[in-house]
Structure formats: C-alpha cells, structure tokens
Amino acid sequence: MGIYLNPGNKGFQESIRSKIYVDKTHLIACTNELLNTKEKYICISRPRRFGKSMTLEMLAAYYSCGCDSSKLFAGYKIAQSHTYAQHLNQYDVIYLNMQQFLIEADDGRVTEYLTQEVLTELKKTYGELLDLKGMGLARALREIFVQTDHQFIFLIDEWDCLMRERQQSEEMQKQYLDFLRNLLKDQEFVALAYITGILPVKKYGLHSALNMFREFSMTDQADFEEYTGFTEKEVRSLCERFGMDFAETGSWYDGYSFTRFQHVYNPKSVVEAMRRRRYSNYWTSTETYEALKIYMDMNFDGLRTDIIQLLGGGRIKVNTRSFQNDMRSLKVKDDVLTLLIHLGYLGYNSDAQEAFIPNREIMEEFENAMSVGGWSHIIDLLKASEQLLHDTLAGNAGCVAKALDKVHSQTASILTYNDENSLCCAVGLAYYSARKDYKLIRELPTGKGFADLAFLPLPHTNQPAILVELKYHKSAHAAIHQMKDRKYTQAFEGYSGSVLLVGINYDKNSPDKPHSCVIEKIAIDNIN
C-alpha cells in the first residue's frame with residue numbers, strides 16, 4: 001500500500017469505527033455500473049461538511065488492490081449488490097488530494113510536484129517496466145497498461161482548490177486543467193475517474209475544459225441524491241437512537257432539496273448535534289461568515305432585494321446556467337446566487353429553478369454576515385421581530401400593525417409594495433425570529449385555497465399555530481373572513497393545539513396607518 005497508489009482501507013476503517021456511521025456504501029453499486037463505460041468520468045461537487053472525503057476513502061477501500069476489505073464491507077448495503085464481489089479490491093487506485101499538492105508544491109509547480117510524487121510510487125511497483133527519464137505521468141500509465149493490462153481508478157479530492165485558492169492565477173488553472181485532461185481523457189488505462197470538490201468543472205468560454213465529466217452538483221445531484229447528505233429516514237433513525245427531537249433537527253439542518261429526495265440534511269452538523277446532544281450552529285466550525293459576506297455585498301443590481309426576500313422566507317428564481325464554475329467570473333447577481341447554492345448557503349429546487357435559505361443553521365450564518373456592517377437596518381428589523389411575535393401571540397393587533405409600518409419604512413428603498421407577494425416578503429422578514437420556534441410555509445394548501453403564510457410550531461415550543469392572510473387595498477377583516485369561509489384551518493387536521501388567525505391589510509392610500517391587523521384565536525374544537 002502507498003500514499004497515492006493503492007492507499008488501502010485505513011480511512012474507511014476509521015469511519016465505520018466512529019460512534020456514528022451512516023451506511024452510504026450502496027453508492028459503490030452506482031460507480032460499479034459506470035466502470036469502463038463512456039460515463040466513467042464523474043464530478044461530484046458539494047459544500048464542505050458533506051462527506052466528500054469520506055466517500056473517497058470508502059471507494060479507495062473497496063477498489064484498491066493489495067488489501068482485503070471483505071470483512072470491512074460485510075454487513076453493509078453494498079455487500080448485497082450483485083457486482084460486489086466482482087470488483088472488490090481488483091484495481092490499482094490513484095488517490096490524489098489536490099489541497100496537499102497545492103500546499104507542498106514550490107513556486108506553484110503543482111502538476112510537476114504531483115507527477116514526481118506519483119511516479120516515485122509507481123516505480124516501486126512497476127519499476128522494471130518504466131524508464132522514468134523524461135516520462136510524464138500519462139505516458140507512464142499507458143506503458144503499464146500496455147504491458148500488464150492493468151487499469152487504474154482515479155480518486156481526486158479537492159479537485160477545484162486551485163480555482164478557489166488561486167483565483168487570480170488563470171495560467172496556473174489552465175495548466176492544471178490541461179494536465180487533468182491529458183491524464184484522463186480518452187485514456188484506455190482509466191477504468192473510472194471520480195473527482196470531488198465544491199465547484200463543478202471549470203468552463204472556458206462556451207466549452208468545459210473537462211467536457212468528458214458528467215457533473216453532479218447542488219443544482220442537480222441526479223443519481224447521487226441519496227448520497228449527498230443524510231436522508232429523512234437516516235436522520236429519524238439517528239434521532240431515535242440519541243433521543244433527539246426529529247422536528248427540531250429538521251429545523252436546524254434540513255432544507256437541501258432534490259427531485260427524489262426532497263429532504264436532505266447537512267451530515268456533519270447532524271452528527272455533531274447527535275454526539276453533543278445539543279442543537280447549535282456547527283457550520284462556523286469549518287468556515288467563517290466573512291466568506292458569505294463577501295458575496296452578499298457584491299454590487300449587482302437586485303442582489304440585496306433578493307437576499308432580503310430570502311431572509312423573509314421567500315424563494316428567488318435563479319438562472320444557474322451563466323455561472324462559469326469559479327469564484328472570480330461573477331458578472332450578474334444570478335452568478336452570485338448560484339455560487340451560494342454550490343457553497344451550501346442556499347438550497348435549490350431544480351424543477352422550479354428557485355433558491356431559498358434552507359434552515360436555521362444557515363439563517364444564523366446570514367445574520368452573522370450582516371452584523372459586520374452595511375446591513376444595520378436589516379439587523380434592527382430582525383431584532384425587532386422577536387417583539388412582533390410576542391405581540392402576535394398576545395393578540396395585540398395594533399402593535400403588530402405599527403411594527404409592520406416600521407418594517408415597510410425601513411425596507412421601502414429595497415422592497416417595493418406592488419402586490420400581495422411583495423407584502424408577503426416584508427411580513428415574512430418581520431416575523432423572522434418566529435422561524436426559530438416555527439416552521440414557515442408560504443402558500444400552504446388549505447381547505448379551499450392557500451394560506452399566504454403558515455407558522456407550524458415545533459414540538460418543544462408549546463405555542464399555537466399561526467395562519468397569516470394578506471390583503472392589498474382591502475381590509476384585515478376580509479382576510480379573517482376568507483380564512484374562515486375557505487376553511488384554511490383544515491390544513492391543521494391532526495394538529496393538537498390552538499390556531500391564531502392573523503389578517504393583515506396594506507393600503508398605500510392611508511396617510512397614517514397603511515397597515516391594519518386583526519387577530520383571532522380559534523379553539524381546537526372549532527378546527528375541523
């Protein structure tokens with residue numbers, strides 16, 4: 001076993017010996033199907049904390065020849081696959097962590113240093129076949145394949161670190177991409193190439209520099225959705241095992257949505273919460289909020305408005321296609337929002353092409369980023385939202401209306417009230433702090449329509465549910481009547497608790513009090 005050539009199974013051993021290990025080994029069945037096919041080039045991009053390195057260690061343990069991993073995988077999902085025994089420990093694996101090479105290489109000579117290191121290990125195993133004088137890595141591997149018929153599986157971690165950490169060094173980036181293309185593309189010695197990073201494959205102009213790769217990113221994980229993070233079933237099992245509340249766990253760490261798996265959880269944070277038996281923001285343990293603030297403060301027209309709407313629980317249409325898959329070529333606000341999706345700061349619904357803030361953990365990251373400066377008026381509103389929730393629960397409709405007037409005046413330069421949707425964004429922002437104890441649902445299906453805003457209390461709060469109906473140039477009483485006439489409370493069938501009906505109207509022609517509010521409490525025996 002070596003460092004780069006056939007690194008063995010120690011990393012996977014450590015994973016399964018850990019206090020918490022969630023079985024994701026069936027991913028191997030997916031990669032087995034792609035071996036020696038035209039689809040053998042796989043680029044998996046996910047945020048930090050989403051288990052990319054653990055996956056590579058698992059693949060290395062399974063494919064690496066020179067070790068026996070049968071006992072390690074016994075009892076796990078992959079052992080039930082019909083392809084399991086066929087490929088177990090049958091390939092030469094080349095495992096590369098590009099972060100390591102970037103740190104250790106002198107004068108930025110990353111590819112030269114990588115080539116030297118890997119050739120040194122190849123010589124130990126295949127030295128009699130190689131004349132290394134002037135021989136590059138691709139040529140050496142071709143020579144090995146021609147003489148032995150041995151193929152290689154390439155596992156590359158942090159493949160995009162040059163794009164992220166050497167953003168100004170375009171020549172270095174291009175040299176690196178050319179190196180990867182020459183090493184991997186159309187080479188018979190490649191049985192599988194599985195690369196992981198935060199960003200999808202870098203583009204130059206209209207074409208991808210590594211166009212042989214199939215991309216699976218946070219905008220579309222396709223076949224790898226189940227392995228992107230923890231699924232709802234997996235988290236529920238962990239909550240039962242550690243005595244943690246499933247609903248509150250979801251409030252903190254759920255929110256990444258795909259086509260088949262619409263509830264995907266941040267795995268690192270879930271593990272930390274279970275181990276410590278305490279809900280908290282574990283995102284900042286691996287990344288500082290300054291990274292988010294840089295992108296929030298970019299001067300693209302409409303970006304601040306979109307961020308405020310996201311903070312208010314809204315969803316924003318995003319065109320992800322213009323993004324050039326780096327952190328430098330950001331030309332429009334959609335590029336910034338797409339980057340935040342890849343970084344994990346935003347969730348994304350590919351069917352609706354909409355971005356949103358996924359959970360409470362990320363909400364706190366936005367709060368932290370705004371607290372540094374430039375967003376003081378929004379921070380003031382977020383702080384005031386706690387009092388607004390208190391007044392709502394107390395039935396103080398007049399105080400609620402005054403608070404909404406203040407929200408409107410402080411956001412008027414960013415949010416323009418043109419319709420009920422704009423009003424909904426502002427009201428969602430006003431009730432920002434409620435989402436720490438409630439699950440916010442916009443456009444909740446009800447008896448005969450959709451409630452504009454619904455706040456479902458988390459089990460530990462012992463608070464009433466809240467339904468909010470918004471009107472534009474009508475009346476707050478009309479909103480209350482609509483909720484009753486259309487039986488909005490039927491949406492809470494099976495819910496054990498009272499419901500507050502909150503009707504809000506905005507009338508821009510009113511000189512003094514443009515917002516009006518009516519609050520009614522419905523007893524549980526009147527719900528259904």
Side-chain angles (χ1 to χ4, degrees), residues 255 289-319 330 332-341 343-349 352-389 400 402-436 438 440-443 452-453 455 468 470 472 504 506 508 514-515:
Y289 58 80
E290 285 90 347
L292 173 59
K293 180 171 174 55
I294 290 172
Y295 301 110
M296 289 175 59
D297 288 343
M298 286 190 167
N299 187 28
F300 290 117
D301 184 44
L303 180 59
R304 286 206 163 206
T305 300
D306 284 353
I307 290 174
I308 289 176
Q309 292 195 31
L310 291 166
L311 289 168
R315 294 181 170 230
I316 301 297
K317 284 277 187 181
V318 180
N319 174 15
L330 305 176
V332 294
K333 68 172 183 176
D334 281 341
D335 293 342
V336 178
L337 295 172
T338 303
L339 176 58
L340 294 181
I341 292 169
L343 294 175
Y345 289 111
L346 294 177
Y348 182 71
N349 183 303
Q353 297 181 339
E354 292 177 338
F356 51 90
I357 297 177
N359 52 49
R360 180 173 174 181
E361 184 176 49
I362 301 302
M363 285 169 58
E364 288 194 0
E365 286 302 293
F366 275 90
E367 286 183 57
N368 292 335
M370 290 187 296
S371 67
V372 178
W375 296 79
S376 58
H377 61 300
I378 301 299
I379 288 292
D380 290 342
L381 290 179
L382 301 188
K383 292 178 179 178
S385 65
E386 293 186 11
Q387 183 62 44
L388 177 63
L389 177 60
V400 171
K402 289 180 181 179
L404 294 176
D405 288 341
K406 184 177 180 180
V407 171
H408 182 212
S409 65
Q410 291 186 269
T411 60
S413 62
I414 302 175
L415 292 177
T416 303
Y417 279 19
N418 295 320
D419 50 31
E420 290 180 13
N421 182 60
S422 301
L423 177 60
C424 190
C425 292
V427 173
L429 183 65
Y431 279 100
Y432 177 83
S433 68
R435 282 182 282 160
K436 295 177 180 179
Y438 287 83
L440 169 63
I441 303 176
R442 295 184 63 173
E443 297 294 322
D452 290 323
L453 294 168
F455 293 89
V468 180
L470 307 172
Y472 192 73
I504 296 172
Y506 172 73
K508 70 177 181 180
H515 291 89

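Values reported hereafter were calculated over all heavy atoms of this structure, with side chains retained and with hydrogens, waters and symmetry mates removed. If you read the sequence from its start, that first residue is 1, and numbering goes on from there.
Here the shortest heavy-atom pairing between Leu382 and Glu367 reads CD1-CG, 4.1 Å. The minimum heavy-atom distance linking Leu330 with Phe300 is given by the pair O-CZ, 3.2 Å. Residues Leu453 and Cys424 share a closest heavy-atom pair of CD2-SG, 3.7 Å. Across all non-hydrogen atoms, the minimal contact from Glu365 to Leu292 is O-CD2, 3.6 Å. In plain terms, the two heavy atoms of Gly347 and Pro358 that are nearest each other are N-CD, 3.7 Å. Closest heavy-atom contact between Leu310 and Ala355: CD2-O, 3.4 Å.
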**Request:** Could you walk me through whether Met296 and Tyr345 pass the side-chain contact (heavy atoms from CB on, under 4.5 Å) test, one step at a time?
**Result:** CA-CA 11 Å; Met296 289 175 59; Tyr345 289 111; over 6 Å; no

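The structure places CD1 of Ile307 at 10.0 Å from CD1 of Ile316, a figure rounded to the nearest 0.5 Å. In this structure, CG on Leu381 lies 10.0 Å from OG on Ser376, to the nearest 0.5 angstrom. With rounding to the nearest 0.5 angstrom, the CZ atom of Phe366 is 6.0 Å from the CG atom of Leu340. One distance of note links OH of Tyr506 with CG of Asp405; it measures 9.0 Å at 0.5 Å rounding.
Within the 4.5 Å cutoff, no side-chain heavy atoms of Ile308 are placed close to those of Cys425. Residues Ser409 and His377 form no side-chain contact, since every pair of their non-hydrogen atoms from C-beta on lies 4.5 Å or further apart. Leu346 is not listed as a side-chain neighbour of Thr338, based on a closest heavy-atom distance of 4.5 Å or more. Side-chain atoms of Val407 and Val427, non-hydrogen and from C-beta on, never get closer than 4.5 Å to each other. Side-chain contact between Asp452 and Val468 is absent, with no heavy atoms from C-beta onward closer than 4.5 Å. Side-chain contact check for Tyr295 versus Met298: some heavy-atom pair is nearer than 4.5 Å.
Tyr431 pairs by the ring-ring contact (aromatic ring centres under 6.0 Å, His included) definition with Phe455, not counting sequence neighbours. Remark: Ala352 pairs with Asn349, Glu354 by the side-chain contact (heavy atoms from CB on, under 4.5 Å) rule, at least two apart or across chains. Judged as a ring-ring contact (aromatic ring centres under 6.0 Å, His included), and not counting sequence neighbours, Tyr348 has no contacts. Considering only residues two or more places apart in sequence or on other chains, Asn359 meets the side chain to side chain donor-acceptor pair (under 3.5 Å) condition with none of them. Partners of Gln353 by side chain to side chain donor-acceptor pair (under 3.5 Å), not counting sequence neighbours: none found. Partners of Glu364 under the side chain to side chain donor-acceptor pair (under 3.5 Å) rule, at least two apart in sequence or in another chain, do not exist in this structure.
Of the possible polar contacts, none joining the Arg315 side chain to the Phe356 backbone as a donor-acceptor pair under 3.5 Å is found.
Surrounding NZ of Lys383 are at most 12 heavy atoms belonging to other residues, nucleotides or ligands under 6.0 Å away.
Note on ring orientation: taking the six-membered ring where Trp is involved, the planes of His408 and His515 are perpendicular (angle over 60°, cut-offs 30° and 60°).
Annotation: salt bridge (Lys or Arg N to Asp or Glu O under 4.0 Å) contacts involving residues 297-306, sequence neighbours excluded, comprise Lys293-Asp297, Asp297-Arg304, Asp306-Lys333.
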